[in-house]
There are 4 protein chains.
Amino acid sequence: MARTQEQNDKMSLATKHKIIEAGLSLFSRKGFSKTSVKDIAQTAGISTGLIYCHFSTKEELFSEILKKTIIEMSKAVRFPEDSNISPAQTFARFTANLLKDIQSSEDLSDYFLLITRCILEKDALNLMEEFKKSDLLLFENTARLIEKGQELGEFKQGNSYKMSLMFFSVIQGITDMKLFMGDKYVAPETSDIMTFLLK
Amino acid sequence: MARTQEQNDKMSLATKHKIIEAGLSLFSRKGFSKTSVKDIAQTAGISTGLIYCHFSTKEELFSEILKKTIIEMSKAVRFPEDSNISPAQTFARFTANLLKDIQSSEDLSDYFLLITRCILEKDALNLMEEFKKSDLLLFENTARLIEKGQELGEFKQGNSYKMSLMFFSVIQGITDMKLFMGDKYVAPETSDIMTFLLK
Amino acid sequence: MARTQEQNDKMSLATKHKIIEAGLSLFSRKGFSKTSVKDIAQTAGISTGLIYCHFSTKEELFSEILKKTIIEMSKAVRFPEDSNISPAQTFARFTANLLKDIQSSEDLSDYFLLITRCILEKDALNLMEEFKKSDLLLFENTARLIEKGQELGEFKQGNSYKMSLMFFSVIQGITDMKLFMGDKYVAPETSDIMTFLLK
Amino acid sequence: MARTQEQNDKMSLATKHKIIEAGLSLFSRKGFSKTSVKDIAQTAGISTGLIYCHFSTKEELFSEILKKTIIEMSKAVRFPEDSNISPAQTFARFTANLLKDIQSSEDLSDYFLLITRCILEKDALNLMEEFKKSDLLLFENTARLIEKGQELGEFKQGNSYKMSLMFFSVIQGITDMKLFMGDKYVAPETSDIMTFLLK
DNA sequence: AATGAATGAGATTTCATTCAT
DNA sequence: AATGAATGAAATCTCATTCAT
């Protein structure tokens, strides 16, 4: 008897998930060019060919992972509208989490690494298309959060979009340097980063 | 008639220079993997094989370019001991220059691009070796400059090495984001960056 | 409740038929190499694996389709022994039908296309084996029809087998050229083809 | 000392020639899909990679060979304007040569095989583009030759272009059948083929 | 020193075939 | 019988490196 539709879907999804996990991990650590499809398959514990049942090219796999990454990050910075937590606190928590992640090379830092490492290997323009599809949501969400903080008098005045970009520039830079220097890197404190936002 | 030793040396040096120029330009714009040895030869206006008379592998060529780049940057941040210019002014000038370069994608920004783009593609550990050879001079010079500023009461107190790393992290991040976003990027002002340092 | 033997057989036969239909259509239009087993399954509306319940390899499927095709064509040229229609008329009708089919890319022309396109992609020798199994019936039937025509004084004298081959060569060539040139092809008339047979 | 430009050109040309020779032979005998680039390289006695110094893809190699083939055939059918040989004689010679070639699987027949076998494996439309580039010269040259014959009263009246296509259809068909049947094939005589043209 | 043709190892990709369900 | 996820061998293509001249 054939497997049911449901069973197949579950298998397929599980495999796709394994591939994306392996891809994220390898792309973010080794970059696009130095990560081979074979690598990814081995890490995911499947055959090379199977990857091509789920993604038509290596590029497409990368693209999809990047898209997911941006969405994931976007979620992480989302400001809880009805919450009692102030923008400054949201930022501080997010930043502290990130710094911890960067220090221990986990979760969130993978996302930044992916963007840092891999985007730079590829046509920035092509990737901006991906970004546009995600509507630059991340930067805009963050800008909106900054505006809230400015209204509440927590943050300095200024162009909120520019400040949002500055914030992510700093994070990018820290992620880069950590990757680059490894254990030699002495990470800044949350407060160091908040300096340019807080009054 | 055979060329004299001297003539040969001069030619050889000129060729090597051409290769390094071409390499810096291509590696910083396209990254290590996407730059082929043939590309470099064509840009330098020489034959592919000739590169291997001067460098034994593509890796070595990259390494040498990186080393040169770090030394060059190190020079640019060197604090003029006997000058009348204060550390804060030195930093402000350097930062302003850099931001201008980044905006117009020139000179100094090439160096940062090279580090950002290419280091990340390679084994961070391997490259740290290169760095060690260059003695992490850049970061230490900068740390010393920060110390001077602290003595003069211009800069915040704190671990100067950590602050030095923070400074370069910010610069790295800005270079990345500019490359990534192109014209969409709204660069910060010098003063935004100096916030991290100034009292 | 288990299906009866009979029901199973009927289903099995229906499936096999669907596969052969899909195979004929795709092999004749796209050729052996460019037709994938998955293509055939999709066109037949079944799963890939099911094809292997009915045919052990892609080669075997092709072989079987070819065999059927040759038999089918053989039937089409069969001379109705007891009929009032003369050999010349039989030929003329067959040829006219064929030319019409070729012009509109239908039925009979599929058979010729299959032979033209696909046989050529494969080991001619291997396929001759298939042909032998079909006893070269087609060519011989046709030769016999030519002999009848010769007896009746309708056709030129000559080696009837050779003339039969010549006839099919001409048809093959026309099918090829039509496929190759598409709308640019100006097909010959029935009479043009009959020239070499008729007195 | 480096090789001179001339030496390099000679080497390069010799290699390209070897590749084209090997390609023509293999493509015409085995078809496009079943001929691997490795095959061609081995037949040409060179490394696989070297083929890609001369042709950017397998498709391009095939295309170039096809173009050459069409030109070559076009030359073979060219009517010598000022000659004493009549169109009928030109045709008869060409046809006789071709039949001989087909029988012994040589030279000219390779060209027809290439067209027959390989064109059919590929997008007819794509290849028509190639043909258009060659201006369908072959068919038109032949049509012109037929017109001469008609003026001289040697050939039947009728649309010369259509007759030209018919002629090549017959040749194609014969080449196909010969390939298909091998030694079992009994080829027609020159006169059988001329029937279509002669009064 | 200089050339660029040539090599060959390794990457991506395709697809006939198998297999667990 | 039926499914389609999974495999793995083989194909195309790239490119750092070598080598004859």
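Basis for what follows: all heavy atoms, side chains included, without hydrogens, waters or symmetry-related copies. To find a chain, count down the sequence lines: A is the first, B the second, and so on, and within it residues start at 1. Given the structure is predicted, the values throughout are model-derived calculations rather than measurements.
Within a heavy-atom distance below 4.0 Å of DNA chain F, the residues of residues 44-55 of chain B found are B:Thr48, B:Tyr52.
With F:dT21, F:dA16, E:dA16 as the choices, the nucleotide that has an atom nearest any side-chain atom of C:Ser36 turns out to be E:dA16. Nearest nucleotide to the side chain of D:Asn8, out of F:dT12, E:dT21, E:dA5: E:dA5. Looking at the side chain of A:Ser12, the nearest of the listed nucleotides F:dC13, E:dT12, F:dA5 is F:dA5.
For the salt bridge (Lys or Arg N to Asp or Glu O under 4.0 Å) test, residues two or more places apart in sequence or in another chain that qualify with B:Lys16 are B:Glu64. Not counting sequence neighbours, the partners of A:Ser47 by the side chain to side chain contact (heavy atoms under 4.5 Å, CB included) test are A:Leu50. The side-chain hydrogen bond (donor to acceptor under 3.5 Å, both in side chains) check on A:Gln5 picks up A:Asp9, with sequence neighbours excluded. With sequence neighbours excluded, the residues forming a side chain to side chain contact (heavy atoms under 4.5 Å, CB included) with B:Lys68 are B:Ile20, listed by chain and number. Scored by the salt bridge (Lys or Arg N to Asp or Glu O under 4.0 Å) test, B:Asp39 finds B:Lys30 as partners (sequence neighbours excluded). Under the salt bridge (Lys or Arg N to Asp or Glu O under 4.0 Å) criterion, A:Lys18 pairs with no residue, sequence neighbours left out. For the side chain to side chain contact (heavy atoms under 4.5 Å, CB included) test, residues two or more places apart in sequence or in another chain that qualify with A:Ser56 are A:Glu60.
Nucleic acid contact class of D:Thr35 (heavy atoms, under 4.0 Å, all strands): sugar-phosphate only.
Nearest-nucleotide assignment on DNA chain E puts the 5′-proximal partner with D:Asp9, out of C:Ser33 and D:Asp9.
Within the structure, a side-chain polar atom (N or O) of C:Thr15 is placed less than 4.0 Å from OP1 or OP2 of F:dA2.
Across the protein-nucleic acid pair, B:Lys34 atom NZ and E:dA11 atom C1' stand 15 Å apart, rounded to whole Å. Note: CD (D:Gln5) to P (F:dT21) measures 18 Å, nearest angstrom. Distance D:Glu60 CD to F:dT12 P: 15 Å, rounded to the nearest Å. In this structure, the CG atom of C:Leu61 is 15 Å from the C1' atom of E:dC15, given to the nearest Å. What separates NZ of A:Lys18 from C1' of F:dA6 is a distance of 10 Å, to the nearest Å. Computed from coordinates, the B:Ile19 CD1 to E:dT3 C1' distance equals 13 Å when rounded to whole Å. Protein atom CE of A:Met11 is 4 Å distant from nucleotide atom P of F:dA6, rounded to whole Å. When rounded to the nearest whole Å, the span between CD of B:Gln42 and P of E:dA5 equals 11 Å.
We find the CG-CG distance between C:Leu61 and C:Leu24 to be 10.5 Å, quoted to the nearest 0.5 Å.
Geometric assessment of D:Lys58 against the ring of D:Phe32 yields a positive cation-pi assignment under the 6.0 Å and 45° thresholds.
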For DNA chain E, what is the dot-bracket line, given that a base pair needs Watson-Crick (N1 to N3, plus N6-O4 or O6-N4) or G-U wobble (N1-O2 and O6-N3) geometry with both distances under 3.5 Å, and | means paired with another strand?
.||||||||||||||||||||

